[in-house]
Amino acid sequence: MPDLNVDFTLDNDQAILNDTKDLIQSLNRLFSTRKGSVPFNRNNGTSLYTLLFENSNQINQVDVGLMLYRDLTAQEPRAYINPYGVNLTKVNPYTYQITLNVYNNETGISFPYSIQINKDSAEWN
């Protein structure tokens with residue numbers, strides 16, 4: 001008896017996802033990964049940590065939006081954001097709330113997206 005089932009057929013029409021769960025998961029992973037922290041892929045992630053927590057200057061929402069747009073365009077082609085539509089709120093000295101609208105290029109659906117970035121979260125260590 002062979003290990004491979006050659007009679008198996010796959011209906012690809014059923015595999016297409018119409019919701020945005022996978023895109024949101026990808027955005028969470030991208031925005032929660034510090035650039036340079038992934039072995040063998042040092043370009044993966046974003047520079048949010050450096051901009052938000054290691055920058056001694058006043059943080060500008062436009063700079064955050066442009067940086068997120070650059071990182072998102074390079075690493076997640078399914079999504080588009082308006083770099084000037086990013087809202088940055090400082091929750092406390094160690095936490096920022098980032099809110100923006102994401103346009104899904106595959107489905108044509110736009111949805112609000114929000115993530116909280118914490119300096120001490122496990123993703124940044």
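For clarity, every value in this text was computed on a predicted model and none was experimentally measured.
Residues that satisfy the salt bridge (Lys or Arg N to Asp or Glu O under 4.0 Å) test with Arg70, not counting sequence neighbours, are absent from this structure. Annotation: side-chain hydrogen bond (donor to acceptor under 3.5 Å, both in side chains) contacts of Asn92 (sequence neighbours excluded): Thr95. Listed by chain and number, the residues in a side-chain hydrogen bond (donor to acceptor under 3.5 Å, both in side chains) with Ser26 are Glu76 (sequence neighbours excluded).
Put simply, the side chain of Leu66 reaches to within 4.5 Å of the side chain of Tyr84, judged on heavy atoms. Contact check for Leu68 versus Ile98: side-chain heavy atoms found under the 4.5 Å cut-off.
Within the 3.5 Å criterion, the main-chain N or O of Arg78 finds no donor-acceptor partner in the side chain of Glu106.
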Practice problem: Report the C-alpha distance between Asn104 and Ser110 in whole Å, list the side-chain angles of each, state the deciding distance to 0.1 Å, and finish with yes or no for side chain to side chain contact (heavy atoms under 4.5 Å, CB included). | Solution: CA-CA 6 Å; Asn104 186 333; Ser110 181; over 6 Å; no

Self-check item: Criterion side chain to side chain contact (heavy atoms under 4.5 Å, CB included) on Leu48 and Val64, from CA distance to verdict
Solution: CA-CA 7 Å; Leu48 274 174; Val64 171; 4.1 Å; yes

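Considering every non-hydrogen atom in both Asn105 and Pro77, the closest pair reads ND2-O, 3.0 Å. For the residue pair Ala79 and Val102, the shortest heavy atom distance occurs at CB-CG1, 3.8 Å. In terms of heavy atoms, Val86 sits closest to Gln61 at O-NE2, 3.8 Å. Of all heavy-atom pairs spanning Lys35 and Gly45, the tightest one is CE-O, 3.6 Å. Nearest approach of Ser37 to Pro39, heavy atoms of both residues: O-CD, 3.4 Å. Across all their heavy atoms, Thr99 and Ser114 have their closest contact at OG1-OG, 3.6 Å.
Residue pairs that meet the salt bridge (charged side-chain N to carboxylate O under 4.0 Å, His left out) test with at least one member in residues 43-53, sequence neighbours left out, do not exist here. Under the salt bridge (charged side-chain N to carboxylate O under 4.0 Å, His left out) criterion, no residue pair touches residues 94-103, with sequence neighbours excluded. Residue pairs that meet the ring pair (Phe, Tyr, Trp, His ring centres under 6.0 Å) test with at least one member in residues 85-110, sequence neighbours left out, are Phe53-Tyr96.
Counting only N and O atoms by type, the side chains of Asp71 and Thr46 include a donor and acceptor under 3.5 Å apart. In summary, the side chains of Tyr113 and Asn28 do present a donor paired with an acceptor at a separation below 3.5 Å, with no hydrogens or angles considered.
Within a 6.0 Å sphere centred on CZ of Phe111, other residues, nucleotides and ligands contribute more than 12 heavy atoms.
Considering OG1 of Thr33 and CD of Gln75, their distance stands at 8.5 Å, rounded to 0.5 Å. Note that CZ of Phe31 is 6.0 Å distant from CG of Leu100, once rounded to the nearest 0.5 Å.
Partner of Leu88 under the side chain to side chain contact (heavy atoms under 4.5 Å, CB included) criterion, chosen from Val62, Leu51, Leu52: Leu52.
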